[in-house]
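Just so it is clear: chains get the letters A, B, ... in the order the sequence lines come, proteins before strands, and each one is counted from 1.
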There are 2 protein chains.
Amino acid sequence: MSELPIPKHHRVTQEVRREALIRATLDCLAEAGSDGASVRKIAARANVSIGLINHYFAGIEALVAEAYRLLATELLESIEKAVEEAGTEPRAKISAFFRQSFAPPNLDYKVLHVWIAFWSMTRRSHEVQSIHDETYGAYRTVLEGLLGALKDQSGDQEISVRLAAIGLSALIDGLWLEWCLNQKTFSPDEAIRLCEAWVESLITVRSGR
Amino acid sequence: MSELPIPKHHRVTQEVRREALIRATLDCLAEAGSDGASVRKIAARANVSIGLINHYFAGIEALVAEAYRLLATELLESIEKAVEEAGTEPRAKISAFFRQSFAPPNLDYKVLHVWIAFWSMTRRSHEVQSIHDETYGAYRTVLEGLLGALKDQSGDQEISVRLAAIGLSALIDGLWLEWCLNQKTFSPDEAIRLCEAWVESLITVRSGR
DNA sequence: TTCACTATTGAACAAGTGTTCAATATGCCG
DNA sequence: CGGCATATTGAACACTTGTTCAATAGTGAA
């Protein structure tokens, strides 16, 4: 009887391995927050040895930074997809933005703890800080585009699109943060209603003059 | 020449020592975020040995939980003080609330990292979770009181004070969070203006019917 | 002044962390 | 099939972490 050779490990493309490690990092962060992002836990989840992380990344900090970039990018992509599927009407697009923001998988207290881990790193790591700046800027730009379309349509020139987008993104983030920290205070539906009210007030108040 | 005895340490009231340790914890958290809250760093800052922490607190987690309670309480107290000093006019009181929220020492990126450290603990520690629930509930209650007074004055019965307070606190938190993470996107003054606009829209939209 | 209480100390411990690097084994190419 | 490049391994390292507990020393009372 010849023993069939069970390979202890196998090789994959650099790209594949990198993404697997990044995904494992997000999983670990979602499961245990900041404490989850240790080389040993990440390596275990990716079915890989500890040493491999430093072969693909400059250090654990760089790996977490890449995970930040992936999460932020995928969040924005999922929102943009929902917005596009909502048709051409600006007002309907914005509603789709809200619904996507306050629904799984984006609205998830586990995901909050991933963001919290990232935020806590903005201080130490310039890399993480600039990834935040980039991705949050992109997020606000999308919001500005939607609010700008609404402005063009209503013909109202008094709305500051920039400020409106800043306020709206803050409202969304604040509601999202608080809901994740305590789901009993209000419902996701109420959060959406509050966002809708913000947009309505932008239109109604000014055009009522 | 008799050597003058330099005491290696001195005793203080339990209350005094406890508060000193809690204050040292807040300092450490402000200085280095979650990483700052280690028994050794806290003990060093409080000029005390490592062992004393476990003499006064069940563990490092309990100490950090107490620090949470103190920070949240003092934040709310500082805001309530500013509100009371603003006079009796509901609208002016709310403005004072905003100005106090977006001014030092409350608006400080170092303080953000203290909050972040607390948020990251809500998952592990039921104690921290319930302190969050309590203090955030108190915060929203104050806001509800102010918005309720505004509602009584305007005679408008359509405003849901509860939802308005939830939205407003989310807006404040979101603006505060984002400003602390990146001071270049908007100014504290603009944040205040956005909050004022929220209140205005509550009044104007409905009473315009 | 002496005593006794206890606040305070700090060494010891086990467990965790990130990084390094020589050794290994895998899969491709000739 | 044989050989090579290198992806992958995991032990070793120097740290940091929170908790424990016997020993120490400050301080008010007798």
Exam field: side chain Gln129(A) to backbone Leu181(B), donor-acceptor pair closer than 3.5 Å
yes

Within residues 69-108 of chain B or reaching into it, pairs that qualify as ring-ring contact (aromatic ring centres under 6.0 Å, His included) - sequence neighbours excluded
Phe97(B)-Tyr139(B)

Results of salt bridge (charged side-chain N to carboxylate O under 4.0 Å, His left out) for Glu77(A) - residues two or more places apart only:
none

In whole angstrom, what separates Ile42(A)'s CD1 from dG16(C)'s P?
16 Å

Note: contacts of residues 12-23 of chain B with DNA chain C (heavy atom, under 4.0 Å) are Val12(B), Gln14(B), Arg17(B)

Between Leu52(A) (CG) and dT6(D) (P), how many Å, whole number?
15 Å

Is there a side-chain contact between Val199(B) and Arg91(B), using heavy atoms and a 4.5 Å cut-off?
yes

Contacts of Asp35(A) and His10(B) projected onto DNA chain C by closest heavy atom; the upstream (5') one is His10(B)

Are any side-chain N or O atoms of Arg18(B) and backbone N or O atoms of Tyr56(B), one a donor and one an acceptor, separated by less than 3.5 Å?
yes

At less than 4.0 Å, is any side-chain N or O atom of His55(A) found next to OP1 or OP2 of dT8(D)? Yes or no.
no

Remember a base hit wins even if backbone is also touched, and classify Tyr56(B) as base, sugar-phosphate or nothing at under 4.0 Å, heavy atoms.
sugar-phosphate

Between the main-chain N or O of Ala46(A) and the side-chain N or O of Arg23(A), is there a donor-acceptor pair closer than 3.5 Å?
no

Audit row: Ser95(A), Arg99(A), side chain to side chain donor-acceptor pair (under 3.5 Å) steps and yes/no:
CA-CA 6 Å; Ser95(A) 287; Arg99(A) 284 194 305 273; 4.7 Å; no

May I ask you to say whether Glu66(A) pairs ionically with Arg69(A), meaning some side-chain N is under 4.0 Å from a carboxylate O?
yes

Please step through side chain to side chain contact (heavy atoms under 4.5 Å, CB included) for the pair Ile79(B) and Ser101(B), ending with a clear verdict.
CA-CA 7 Å; Ile79(B) 289 178; Ser101(B) 298; 3.7 Å; yes

Provide the full list of side-chain hydrogen bond (donor to acceptor under 3.5 Å, both in side chains) pairs with a residue in residues 165-182 of chain B, sequence neighbours left out, each pair given once.
His132(A)-Glu178(B), Asp133(A)-Asn182(B), Tyr136(B)-Ser169(B), Tyr136(B)-Asp173(B)

Between the base of dT27(D) and the side chain of Arg11(B), is there a donor and acceptor pair under 3.5 angstrom?
no

Watson-Crick or G-U stems involving DNA chain C, each at least 3 pairs long, distances under 3.5 Å, ordered by first number
C:1-30 with D:1-30

Result for side-chain contact (heavy atoms from CB on, under 4.5 Å) between Leu143(B) and one of Ile166(B), Ile94(B), Leu168(B), Val161(B) points to Leu168(B)

For nucleotides 18-24 of chain C, which of its nitrogen or oxygen atoms have a protein nitrogen or oxygen under 3.5 Å away, and what is each distance?
{"residue": "dG18(C)", "atom": "OP2", "partner": "Val39(A)", "partner atom": "N", "Å": "2.8"}
{"residue": "dG18(C)", "atom": "N7", "partner": "Arg40(A)", "partner atom": "NH1", "Å": "2.9"}
{"residue": "dG18(C)", "atom": "O6", "partner": "Arg40(A)", "partner atom": "NH2", "Å": "2.9"}
{"residue": "dT19(C)", "atom": "OP2", "partner": "Asn54(A)", "partner atom": "OD1", "Å": "3.4"}
{"residue": "dT19(C)", "atom": "OP2", "partner": "Ile60(A)", "partner atom": "N", "Å": "3.2"}

OP1 or OP2 of dT16(D) versus the side-chain N and O atoms of Lys41(B): is any pair under 4.0 Å?
no

